[in-house]
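Source: prediction; values computed, not measured. The first residue of the sequence shown is numbered 1, and numbering continues consecutively from there.
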Amino acid sequence: MDIIDICFSIMIFIIIVSVVAAVLAASGKIKTDKLVTPLNILMSATFLSVFAGIFPCCYEMVSDDMSGGAVRFLKIIFMTFLNTIQVFTVDAGSDIISGYNETAGNSYILVFSVLSALAPLLTVGFLINFIANISASYRYLFCFRKDTYIFSELNERSFALAYDIVKKEKKSRVVFTGTSEEISGALTEAAEELGAICFAGNILSVDFGRHSKKSHLYFLIMNENDAECIDLSLKLKNNYGERENTELYIFSSSRASEMTVSNINGSSDHSVIRVRRINCIQSMIYHHLYEEGFRIFDRAVKLHKEGDNPEELIPVNAVIVGLGKYGTEMLKALSWYCQMEGYSLRIDAFDSDSDAKDKLEFQCPDLLSEKYNGTETDGESRYTINIHPGINITTASFVKRLKDIHESGKITYVFVALGSDEQNIETASDMRMIAERLGEFPLIQAVVYNPDLSYTLKGVSEYSGKKYEIDFIGDLKSAYSKDVIMSSGLENDALERHKKWGDESEFWKYEYNYRSSAASAIHSKAREHCGITKEKYSEEQIKCLEHCRWNAYMRAEGFVYSSTRNNLAKTHHNLVDYKSLNEEDKKKD
């Protein structure tokens, strides 16, 4: 094998390895930092490939040189290096091969020609990113005394949240990182029109520590890849952990991120940074119930009054279509949210997955246990939850199940959360059609992610003018708003409730305290709406109701009864009826 064949093999090897590495780096499957980025990988690989391609030419050019071996070798290296630089500055190209290396094959010349065309383009891209970062750094200097929100990635979710922040906080500044080659031009232009500062490198490549200590820094890790979110969060915590007025938000619903945040907050170092995990689906469901959940009770009351044979308890009969992340979260929330004096609760959930019930029982075994599900015990949560697995919602079997539910009581609430906006819209309209045939008028809500579509369908009517009266919730703009994510009235209410029995630091430190207090605040607001007040009910009755809610909440979180409390095992000794509690525990309610 001669030198041309050796260099050609090296070129092909470098090209293959670099392409694979760049794809993995762009997808987040390998860790990146200030230097290891997809663009830098391609730049380096192209330089090495061009160097290998030019080396045989320079080798032939000095073949008659009578200098010593070491001197001759250095001449070849420097000549190759200079010619490689010329390729990147468009001063040289494939003519190097064709002009000096008559023995080079067509494949060799073709590959080198492609590299010669690619190299100047990469140079331009590198310079654009470099200049953009210089400009961004210059603009960032003027944010020295402003509260600044720093996003780890520019995507639809982060842009929606940033847009809401800018709209509500005129004096704050928004920064996007990771706005390089993989980001669409339209989104980058929108960010610039918003007045955001855009850095091409990732969030670790910029020193944000050069900021007034009196001003707040908010780091928002919103990458699509969970592993990358966790890795960035750990590194940011190490870099800014001792900085006052700093908050770190990790947007992830994975168990790994929950454990990571728990470990960060529970560490014994001198870190003062506040770290929070945002489960966006749960945040949307909780905020929705806090702001508009009362409509579930209002519709139940209205339909109850219209019934021919009204019962003593007002039935809340909910149908959930789809037990994915949204549907499962809503089912869990309704199990404790609808624990209300004077109301009964039944939930029927449908999913095409034949293992839907088994999966839910794995997550929260006691919630569906025959000991609690469908039973009535004084001082205990009361509900009936029926899971209908393996049901295709576009079949007559689904309609038959709905008719069976109708015969046992009016359907008062429908929540639709399937795989796409189109499915949700179609299914919600089908549910309205079926309900009309049954002579029912439940509150119907469907998850629609696209904000423009959600707005367009608001108040939509069929051709004769009769409205569908379907609520489309959970769109991008409303779900990713500052009030939902960072500074909601719900959060303030939750903190006040937590402070009745614990320190504020514990509220932020442990996610369990935050979620549990939020659920309590949501139910407290609903109780007030339903007239469950101290003026009408005794303290003992309200305590008992709160314990019933807490029992359902804990079971929905996956806890089971045990004589001892073990948070890792998710066991709790207070998962008993209200009368079985000791007086000290009753006071906590």
Would Thr427 and Asp430 count as a side-chain hydrogen bond (donor to acceptor under 3.5 Å, both in side chains) here? Give the steps. CA-CA 5 Å; Thr427 302; Asp430 286 343; 5.3 Å; no
[X] side chain to [Y] main-chain N or O, any donor-acceptor pair under 3.5 Å?
X	Y	result
Arg432	Pro442	yes
Thr328	Leu323	yes
Asp366	Ser369	no
Asn551	Ser381	no

CA sep, side-chain torsions, deciding dist, call: Ser254, Ser257, side-chain hydrogen bond (donor to acceptor under 3.5 Å, both in side chains): CA-CA 5 Å; Ser254 71; Ser257 62; 3.2 Å; yes
Validation row, ring centre Tyr337 to ring centre Phe297 under 6.0 Å: yes
Report yes if the distance between the aromatic ring centroids of Phe350 and Phe398 is under 6.0 Å, otherwise no. yes
Test Lys400 against Asp404 for side-chain contact (heavy atoms from CB on, under 4.5 Å), laying out the working first. CA-CA 6 Å; Lys400 185 179 183 303; Asp404 292 339; 3.7 Å; yes
Is the closest basic N to carboxylate O distance between [X] and [Y] below 4.0 Å?
X	Y	value
Arg382	Asp378	yes
Glu469	Lys458	no
Glu540	Lys543	no

Should the pair Arg277 and Tyr249 be classed as cation-pi, given the thresholds of under 6.0 Å to the six-membered ring centre and 45° from the axis? no
Honestly, is Arg299 close enough over Phe294, meaning NZ or CZ under 6.0 Å from the six-membered ring centre and within 45° of the axis? no
Ring-plane angle category for Tyr553 and Trp336, please: parallel below 30°, perpendicular beyond 60°, tilted otherwise. perpendicular
Could you label the plane-to-plane angle of the His547 and Trp550 rings as parallel, tilted or perpendicular, counting under 30° as parallel and over 60° as perpendicular? parallel
When rounded to the nearest 0.5 angstrom, what distance separates CD in Gln423 from CG in Leu418? 5.5 Å
Please report the interatomic distance CH2(Trp501) to CD(Glu506), rounded to the nearest 0.5 Å. 8.0 Å
Could you walk me through whether Asp483 and Ser481 pass side-chain hydrogen bond (donor to acceptor under 3.5 Å, both in side chains), step by step? CA-CA 5 Å; Asp483 289 343; Ser481 68; 5.5 Å; no
side-chain contact (heavy atoms from CB on, under 4.5 Å) with Ala417: which residues, sequence neighbours excluded? Tyr326, Phe415, Val447
Identify, with sequence neighbours excluded, every residue that meets side-chain contact (heavy atoms from CB on, under 4.5 Å) alongside Asn223. Ser152, Glu153, Ile221, Glu228, Cys229, Leu232
Going by atom types alone, do Arg565 and Asn567 pair a side-chain donor with an acceptor below 3.5 Å? yes
Please identify each residue that fulfils side-chain hydrogen bond (donor to acceptor under 3.5 Å, both in side chains) with Tyr290, with sequence neighbours left out. Asp493
If the condition is salt bridge (Lys or Arg N to Asp or Glu O under 4.0 Å), which residues does Glu247 pass it with, not counting sequence neighbours? Arg274
Starting from the C-alpha separation in whole Å, work towards a yes-or-no answer on side-chain contact (heavy atoms from CB on, under 4.5 Å) for Arg157 and Glu224. CA-CA 10 Å; Arg157 298 183 304 150; Glu224 300 294 339; 3.9 Å; yes
What pairs of residues pass the side-chain hydrogen bond (donor to acceptor under 3.5 Å, both in side chains) test when at least one of them lies in residues 514-531, not counting sequence neighbours? Arg276-Tyr514, Asp298-His529, Glu491-Tyr514, Arg497-Ser520, Arg497-Ser524, Glu511-Arg515, Arg515-Glu557, His523-Arg527, Arg527-Glu546
Name every donor-acceptor pair, under 3.5 Å, that has one atom in a side chain of residues 384-391 and the other anywhere in the protein, sequence neighbours excluded.
{"unit_1": "Asn386", "atom_1": "ND2", "unit_2": "Asp348", "atom_2": "OD2", "d": "3.2"}
{"unit_1": "His388", "atom_1": "ND1", "unit_2": "Arg401", "atom_2": "NH1", "d": "2.9"}
{"unit_1": "His388", "atom_1": "NE2", "unit_2": "Asp348", "atom_2": "OD2", "d": "2.8"}

Heavy-atom side-chain proximity of Asp164 to Tyr480 below 4.5 angstrom: no
